[in-house]
Amino acid sequence: MNIKNKYFKILLSARRWMQMLMKIGNLCKSLIYFFTQQHQKPNRHHRFIKVLFLTTLLICLLFGQLVSAQTPDVTALVEQGIKDYDARKFFNAIEHWQEALNQDKNNPSVTAVVNENLARAYQQIGENKAAIASLSAAINDYSTVENIQQVGRMKSELAQVYSNLGQPRKAIALLCGKLVNKSQQIECTPDSAAQIATKYNDKRGQVAALGILGEAYRLIGDYDQAIKYLHVAQKLYPEDDFLLLNSLGNAYSSRAQLRELQADSANKAGISSKENKFSQKSREDYNQAYQYFQKSTKLASDQKQTLAQMRGLLNLIQLDSQTNKNKVINNPEFHKTVDDALKVLEILPDSATKVYGAINLAYLQSDAKGTLPFTYCPTTLILPNADVLNLLQKSLSTSKNLQDNRLLSYSNGALGHFWECQPKNETAALKYTQAAIIAANNKLSAKDSLYLWEWQAGRILDRQNRKEEAIASYQRAFDTLEDIRSDILTSERDVQFDFRDVVRPLYRRLAQSRLDLLGVGAIADEQRAKELSAVVKTIDALKLAELQNYFGNDCILSALNPKQVGELLKDNSLAFKDTGFLSSIILDGKTGILLQLPNQATKFKWIEDRNQEGASTIVSSNTLQTKIAEFRRGLVKGKEEINYDTTTAGQLYDWIIRPFAEDIKPEKVKTLVFIQDGFLRSVPMAALYDSQQQKYLVETYAIATTPSLRLTTPKGGDGLRPTGDHRSRQKALILGLTEKATIDGKTFDALFAVPDEVSAVQSIFPNHADLINWDFSPESFQKTLDKTTYPIVHIASHAQFGIIPEDTFIVTGKNQKLTISQLENSLRNLNSKSDNVELLTLTACETAVGDDRATLGLAGVALQVGVKSAIASLWSVSDQSTSELVKTFYTNYGKAGMSIAEALQKAQIKMINAKKLPPSEGINISYDNPAYWAPMIAIGNWL
């Protein structure tokens with residue numbers, strides 16, 4: 001054999017040796033993966049599987065020595081970590097596994113498994129960021145060794161962590177690669193967890209991915225899609241799986257709550273058929289949820305899965321509380337479920353379920369006021385105080401055993417709240433609450449609970465009359481909640497995180513505490529300015545949070561200016577040089593008004609009533625609300641009377657405007673922009689009446705409203721008005737409906753004045769397109785906008801703004817409706833074009849009376865759909881007066897240097913002066929009544 005052949009045989013032998021090594025390596029990967037997965041599942045073969053796992057890992061580590069000089073210490077470290085994990089000594093397990101990683105970073109077959117188990121240990125102690133890092137490393141390692149099936153499973157585990165952290169959209173991206181609409185089929189991207197599992201025929205991987213995907217869709221409020229995915233998972237795994245059954249119960253329960261809200265919205269809109277339909281559907285969903293929870297609980301009990309059994313029992317208890325309300329106290333079945341839960345709790349291993357289960361049972365009420373028991377003191381606890389205290393102490397003891405900061409935070413906080421609600425126990429309450437804050441602050445492991453305990457500490461400090469410390473606690477709670485608010489408010493679910501129970505009371509409490517501080521003794525001007533600036537920031541954040549919660553997504557904040565209100569006023573002082581901003585804040589027992597002017601100190605006044613002797617008393621919020629409702633009723637019905645009675649309008653002017661008369665003299669201030677709170681949104685400020693000057697407010701000032709100055713971007717920071725020539729040449733899309741229509745069982749009357757209104761707009765904007773009656777549909781609207789962009793969109797049709805976005809729509813032809821979501825999608829598609837919609841006009845709106853959330857739809861619609869400005873009516877005025885008002889407004893709008901607010905002001909003043917104008921003007925003299933002109937308001941950018 002020559003030299004060449006000799007070396008060829010050596011090379012061939014080496015190649016075969018390497019192939020054998022690769023096969024052994026792949027076998028190791030598979031065996032390690034199999035045993036790791038089995039190790040996570042408690043069953044009768046657990047000890048045998050653990051021995052096999054350790055043996056396999058040892059073989060692979062020894063094999064690894066041949067390839068990468070692996071040190072024998074790694075085997076011992078991994079084995080010790082497993083022992084520690086089994087003994088629930090998670091910190092020790094992490095320490096050993098981390099050291100194993102540090103000793104050998106070049107063997108991905110092993111580091112993949114160690115990273116995978118590290119992630120689980122990190123989750124056990126609430127360190128989710130570290131868990132995410134370890135799972136991401138495991139995904140990289142498994143990719144390196146081309147174990148794609150395990151890559152898919154790790155993506156599912158990572159998605160579960162994101163979902164647990166309140167980031168379901170990130171979970172969906174990992175599981176499927178994209179959000180799927182209700183109308184779409186399940187179709188995921190090739191590198192997603194669900195598609196990988198499908199490709200490798202990994203049935204358990206598919207079920208896991210689809211189950212977590214269903215939960216993620218439930219968390220973003222798409223309950224139909226959640227149920228769809230969970231049922232698909234159930235078909236893949238026809239055996240009764242208690243986890244899937246429990247998830248289905250949660251999805252049906254969530255949808256039932258949403259349908260209750262929809263029924264309530266229909267009730268307020270006066271649509272009985274729709275109310276009955278959603279009430280029936282809600283009952284059906286609750287029944288489905290009950291059946292799934294029962295089946296899940298029984299199955300878990302039969303299989304001795306106590307943790308899953310406990311979760312099922314707690315869900316059944318919560319469901320009973322939701323569906324039976326006050327009747328649970330006399331329901332034997334309910335009490336039996338509670339007793340069963342208490343018994344299971346006693347035999348549970350130390351776990352998060354045991355901690356949260358004890359807290360949930362302790363705060364179980366017969367008539368819960370809200371979704372979080374820590375925001376108020378419960379008065380109808382099911383269990384006696386002694387049993388409640390015992391449960392809470394056990395939850396704290398379990399949390400200490402687990403060394404989990406998140407659990408320590410909740411158990412300490414819950415115990416602190418118990419003592420907060422007992423008379424004269426502030427010391428114990430503060431002790432446990434501060435311990436909760438420390439645990440929540442530990443590496444920010446429980447930030448989602450931190451705001452609760454800071455708020456709780458503020459209330460306790462308030463009771464101890466430690467006002468400044470209380471404000472500091474409220475402020476920290478506010479700052480924390482602002483950081484995480486997007487995650488908990490954009491979940492598109494009104495019922496699972498109730499904004500009214502949590503965010504709004506905290507923001508109002510902080511604002512009120514700061515304002516009350518201003519009235520205690522002498523306070524320096526600098527400190528007063530600082531406190532008022534903080535109040536403005538709080539009020540502005542409250543209004544943004546309400547909008548975000550109402551629409552259930554981040555769209556409303558997409559154009560949010562990062563600067564605070566004070567900075568905006570300073571930066572745009574030239575543009576705002578003749579503008580005053582009046583913000584209202586409704587608090588417990590009283591309402592405050594803040595006035596802001598460019599480059600001037602903020603002024604603040606409580607709404608007060610002065611008698612003839614000059615003495616003043618605070619006007620209660622209830623009194624103000626009654627007066628506002630009276631004012632609106634008088635305006636709506638005003639056209640039925642020959643002469644409008646200005647008494648109520650005059651009283652409200654004296655309460656809201658007159659205290660600032662010296663600061664907003666007409667020679668200095670030309671425009672007033674109102675940033676209203678609550679029930680104050682439902683009335684037009686333009687119709688307030690100055691009885692001394694015998695003038696309506698709009699006769700002195702141009703009036704506009706905006707939900708937040710940070711959402712209103714001026715068209716130019718130099719203070720210049722847009723040119724009239726530019727406006728008069730703009731294209732206009734004119735949409736109108738004259739015919740009677742029926743939507744969701746509700747009849748909308750024919751609008752006989754619409755033809756004249758449409759004709760007037762057409763004459764002012766020669767470059768226009770129109771869709772009238774049957775030509776006006778959601779489809780035709782979309783197609784028209786796809787072809788051409790129209791800076792002016794004028795809609796002369798009924799528009800309803802309900803208490804939920806679904807009931808916010810514009811009536812189109814053929815008894816169809818254009819929902820707020822459809823309108824948003826159509827107009828947002830234009831954002832890539834240079835010429836966006838500048839003005840949206842809605843002239844026949846209708847808001848649901850009795851719920852101030854309805855007016856959020858009106859105030860936020862322009863901003864939600866990406867329109868710069870809007871003109872809309874607070875209620876429908878189906879009269880020739882609307883045509884006259886609109887015609888005059890658009891004529892003024894085209895004049896050089898005139899702002900939108902001023903154009904509307906001039907049009908309204910013309911109607912106020914109807915009796916003084918010559919007959920040649922052709923204006924009905926009755927149009928001087930505010931019923932005809934007051935409901936039309938300018939929203940958003942008023943320039």
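These numbers come from the heavy atoms of this one structure, side chains and all, not from hydrogens, waters or symmetry mates. Keep in mind that what you see is a predicted model, and the values were worked out from it rather than measured.
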**Student:** With sequence neighbours excluded, tell me which residues meet side chain to side chain contact (heavy atoms under 4.5 Å, CB included) with T189.
**Tutor:**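 Applying side chain to side chain contact (heavy atoms under 4.5 Å, CB included) to T189 gives D191, S192.
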
**Student:** After noting the C-alpha distance and the side-chain angles of S136 and L158, does the key distance pass the side chain to side chain contact (heavy atoms under 4.5 Å, CB included) rule?
**Tutor:** CA-CA 8 Å; S136 299; L158 183 55; 4.0 Å; yes

**Student:** Considering residues at least two apart in sequence or located in another chain, which fulfil the ring pair (Phe, Tyr, Trp, His ring centres under 6.0 Å) criterion with F374?
**Tutor:**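 With neighbours one apart ignored, the set is Y363, H417, W453.
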
**Student:** Nearest 0.5 Å, what's the CZ-CG distance between F91 and D404?
**Tutor:**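 Atom-to-atom, F91:CZ and D404:CG are 7.5 Å apart.
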
**Student:** With sequence neighbours excluded, tell me which residues meet salt bridge (Lys or Arg N to Asp or Glu O under 4.0 Å) with K304.
**Tutor:**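 With sequence neighbours excluded, K304 shows a salt bridge (Lys or Arg N to Asp or Glu O under 4.0 Å) to no residue whatsoever.
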
**Student:** Holding to ring pair (Phe, Tyr, Trp, His ring centres under 6.0 Å), I want the full list of residues that pass it with Y356, two or more places apart in sequence or in another chain.
**Tutor:**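 Per chain and number, Y356 pairs via ring pair (Phe, Tyr, Trp, His ring centres under 6.0 Å) with Y410.
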
**Student:** Indicate yes or no: does D302 engage K298 in a salt bridge with an N to O separation below 4.0 Å.
**Tutor:**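 Yes, charged N to carboxylate O under 4.0 Å.
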
**Student:** Apply the test side chain to side chain contact (heavy atoms under 4.5 Å, CB included) to residues K228 and Y217: give CA-CA distance (whole Å), side-chain angles for both, the deciding distance (0.1 Å), then the verdict.
**Tutor:** CA-CA 10 Å; K228 177 180 173 183; Y217 271 102; over 6 Å; no

**Student:** If the condition is salt bridge (Lys or Arg N to Asp or Glu O under 4.0 Å), which residues does K394 pass it with, not counting sequence neighbours?
**Tutor:**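 Expected list: E346.
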
**Student:** Using side chain to side chain donor-acceptor pair (under 3.5 Å) as the criterion, list what pairs up with D141, not counting sequence neighbours.
**Tutor:**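 Residues passing side chain to side chain donor-acceptor pair (under 3.5 Å) with D141: T111, N115.
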
**Student:** What distance separates L175 CG from Q160 CD, expressed to the nearest 0.5 Å?
**Tutor:**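 CD of Q160 is found 8.5 Å from CG of L175.
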
**Student:** Using a 3.5 Å distance criterion without hydrogens, assess whether the side chain of S351 forms a donor-acceptor pair with backbone atoms of P349.
**Tutor:**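 Side chain of S351 to backbone of P349: a pair is present.
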
**Student:** Restricting to side chain to side chain donor-acceptor pair (under 3.5 Å), what partner residues turn up for S399, sequence neighbours left out?
**Tutor:**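 In terms of side chain to side chain donor-acceptor pair (under 3.5 Å), with neighbours along the sequence ignored, S399 is linked to S411.
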
**Student:** I need the L319 CG to Y290 OH distance, nearest 0.5 Å.
**Tutor:**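 Rounded to the nearest 0.5 Å, the CG-OH separation comes to 8.5 Å.
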
**Student:** What residues form a side chain to side chain donor-acceptor pair (under 3.5 Å) with N401, not counting sequence neighbours?
**Tutor:**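 N401: side chain to side chain donor-acceptor pair (under 3.5 Å) contacts with D350.
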
**Student:** Assess the side chains of Q123 and E157: does a donor N or O sit below 3.5 Å from an acceptor N or O?
**Tutor:**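 Looking only at side-chain atoms, E157 and Q123 do not form any donor-acceptor pair under 3.5 Å.
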
**Student:** Kindly indicate, with the supporting measurements, whether the criterion side chain to side chain contact (heavy atoms under 4.5 Å, CB included) is fulfilled by R406 and N128.
**Tutor:** CA-CA 10 Å; R406 184 178 297 277; N128 287 302; 3.6 Å; yes

**Student:** For a 4.5 angstrom cut-off between non-hydrogen side-chain atoms, does K354 reach M310?
**Tutor:**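 Side-chain contact under 4.5 Å: no.
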
**Student:** Is the shortest heavy-atom distance from the side chain of L396 to the side chain of N412 under 4.5 Å?
**Tutor:**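 They are in side-chain contact.
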
**Student:** So, using side chain to side chain contact (heavy atoms under 4.5 Å, CB included) as the criterion, who are the partners of S143 when residues are at least two apart?
**Tutor:**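 Checked S143 against side chain to side chain contact (heavy atoms under 4.5 Å, CB included); matches are I139, V151.
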
**Student:** What verdict does the side chain to side chain contact (heavy atoms under 4.5 Å, CB included) test give for N441 and I438, after you've listed the backbone C-alpha separation in whole Å, the side-chain angles of each residue and the deciding distance to 0.1 Å?
**Tutor:** CA-CA 5 Å; N441 260 320; I438 291 170; 5.8 Å; no

**Student:** Would you please name every residue forming a side chain to side chain contact (heavy atoms under 4.5 Å, CB included) with L243, sequence neighbours left out?
**Tutor:**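 For L243, the residues satisfying side chain to side chain contact (heavy atoms under 4.5 Å, CB included) (neighbours in sequence not counted) are D241, R311.
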
**Student:** Work out which heavy atom in E260 is nearest to a heavy atom in S282; give both atom names and the distance.
**Tutor:**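 In this case the closest contact between E260 and S282 is CG-OG, 3.3 Å.
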
**Student:** So, taking the atom named OH in Y292 and the one named CD1 in I227, what distance separates them when rounded to the nearest 0.5 Å?
**Tutor:**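 If we round to the nearest 0.5 Å, Y292:OH and I227:CD1 are 8.5 Å apart.
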
**Student:** List for me each residue that meets side chain to side chain contact (heavy atoms under 4.5 Å, CB included) alongside D84, sequence neighbours excluded, and say none if there are none.
**Tutor:**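 Partners of D84 by the side chain to side chain contact (heavy atoms under 4.5 Å, CB included) criterion, ordered by chain and then number, come out as Q80, K89, N92, A93, H96.
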
**Student:** Can you confirm whether or not the ring centre of Y252 sits under 6.0 Å from the ring centre of Y286?
**Tutor:**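 Here the rings of Y286 and Y252 have centres that are no less than 6.0 Å from each other.
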
**Student:** Who pairs with Q206 by side chain to side chain donor-acceptor pair (under 3.5 Å), at least two apart in sequence or on another chain?
**Tutor:**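 If we apply the side chain to side chain donor-acceptor pair (under 3.5 Å) test to Q206, skipping adjacent residues, the hits are T198.
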
**Student:** Is a donor on one side and an acceptor on the other found under 3.5 Å between the side chain of S254 and the backbone of N250?
**Tutor:**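 Checked: pair present.
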
**Student:** So among L213, D222, I212, I220, which one has a side chain to side chain contact (heavy atoms under 4.5 Å, CB included) with P168?
**Tutor:**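 Testing P168 for a side chain to side chain contact (heavy atoms under 4.5 Å, CB included) against L213, D222, I212, I220 leaves exactly one candidate, I220.
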
**Student:** Please check if the side chain of N246 supplies one atom and the backbone of F242 the other of a donor-acceptor pair under 3.5 Å.
**Tutor:**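 Absent.
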
**Student:** Do the side chain of T144 and the main chain of N140 share a donor and acceptor less than 3.5 angstrom apart?
**Tutor:**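 Checked: pair present.
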
**Student:** Would a distance-only check, ignoring hydrogens and angles, find a side-chain to backbone donor-acceptor pair under 3.5 Å from S134 to A130?
**Tutor:**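 Checked: pair present.
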
**Student:** Got a second to check how far E127's CD is from Y122's OH, nearest 0.5 Å?
**Tutor:**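 Atom-to-atom, E127:CD and Y122:OH are 8.0 Å apart.
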
**Student:** Testing Q234, Q291, Q288, K295 one by one against L248 for a side chain to side chain contact (heavy atoms under 4.5 Å, CB included), which residue passes?
**Tutor:**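 In the set Q234, Q291, Q288, K295, the residue that makes a side chain to side chain contact (heavy atoms under 4.5 Å, CB included) with L248 is Q234.
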
